[in-house]
Amino acid sequence: MGVFNPTVAIRTQWILANKVILKDNFHNPPRNIAGVDVAYIGEYGLGAAVLLDYEGLHTIDEKAALIKVDIPYIPTFLAFRELPPIIKALKRLRTKPDIIMVDAHGRMHPRRCGAASHLGVVLNIPTIGVAKSRLIGKETNNGVIIDKGEVIGIKLDRNVYVSIGHRISLETAVKIVSKTKIYKIPEPVRRAHNYAERVKKLIREGTIKIEDLL
DNA sequence: GCGACAG
DNA sequence: ATCTTGTCGC
């Protein structure tokens, strides 16, 4: 594990948080939407990016990428560990996504810079954060998540947290998540997760060589 | 100081 | 996240 500097990381997050656009800033509805996720194979992080058409939610493209991960998982600093493999996989998609759904929190973060927001600002692409558990904030009876008097996200169903990533309003983010939700986990991130597991299995079986995804 | 803590 | 098989049920 390489060294990780929390002080620098915190400073970076505040800077990026201030660049987040909290209103809709993209062609709505989008033509397509991408889902991203990361699986682990030893010292490698396997980034997965799946692109679907927003209309029928059909898979248009799916790409994977491996990269060595030397940063440990530390709550509130997930982006520094998972974004490298995710960005590498995204760059392999044949089409640039209109919007990206990330398997993590966005604004629902102590410094308002969860991995979803971090990714959106760095790539300047609209993003939405979808997590399966809470990181911060308190929930009101109606599913609204609040932190320091600020609405930072919404809780759907049982354990599906939605927050904006970048260039989108919370209202629109919730609408998009709801529209792409067939099962508990919305399709973009669900497919990215399944794809990552599928590739991971092929690697373990030897069908795919690690070098081919580096 | 104590408890919480995305994946 | 990961270690791991089958099994019960719609």
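These numbers come from the heavy atoms of this one structure, side chains and all, not from hydrogens, waters or symmetry mates.
We find that CD1 of A:Ile86 is positioned 12 Å from P of B:dG7, with the value rounded to whole Å. Whole-Å rounding puts the A:Leu119 CG to B:dG7 P distance at 16 Å. In this structure, A:His109 places its NE2 atom 13 Å from P of B:dG7, rounding to the nearest Å. The separation between A:Ile67 atom CD1 and C:dA1 atom P is 20 Å, rounded to whole Å. Straight-line distance from the NZ atom of A:Lys201 to the C1' atom of C:dC3: 16 Å, rounded to whole Å. Per the geometry, CD1 belonging to A:Ile145 stands 13 Å off C1' belonging to B:dA6, to the nearest Å. The distance between atom CG of A:Leu78 and atom C1' of B:dG7, rounded to the nearest whole Å, is 5 Å. Separating the OH atom of A:Tyr40 from the P atom of C:dT2 is a distance of 8 Å, rounded to the nearest angstrom.
Here the nucleotide nearest the side chain of A:Asp37, chosen from C:dC3, B:dG7, B:dA6, is B:dG7. Proximity note for A:Leu135 (side chain, C-beta onward) versus B:dC5, C:dA1, B:dG7: the nearest is B:dC5. Taking every side-chain heavy atom of A:Glu197 into account, C:dT2 is the closest of C:dT2, B:dA4, B:dA6. Out of B:dA4, B:dG7, C:dC3, the shortest distance to the side chain of A:Glu82 is found at B:dG7.
Neither OP1 nor OP2 of B:dA4 sits under 4.0 Å from any side-chain N or O of A:Arg134. At C:dA1, one or more side-chain N or O atoms of A:His193 fall inside 4.0 Å of OP1 or OP2 (strictly under the cut-off). Contact between the side-chain N/O atoms of A:Lys200 and the OP1/OP2 oxygens of C:dA1 is not found at any separation under 4.0 Å. Dashed line: the shortest gap from a side-chain N or O of A:Ser133 to OP1 or OP2 of B:dG7 is under 4.0 Å. Applying the 4.0 Å criterion to OP1 and OP2 of B:dA6, one finds that A:Lys132 has every side-chain N and O outside that range.
Hydrophobic cluster membership differs between A:Met108 and A:Ile100, with clusters built from Ile, Leu, Val, Met, Phe, Trp and Tyr side chains linked at under 4.5 angstrom.
Checked by atom type, the side-chain pair A:Arg112/A:Ser117 shows no donor-acceptor distance below 3.5 Å.
The cationic group of A:Arg81 does not satisfy the cation-pi geometry with A:Phe4, failing either the under 6.0 Å distance to the six-membered ring centre or the 45° limit from the ring axis.
Side chain of A:Lys179 to main chain of A:Tyr54: a donor-acceptor pair is present (N/O by atom type, distance under 3.5 Å, no hydrogens or angles).
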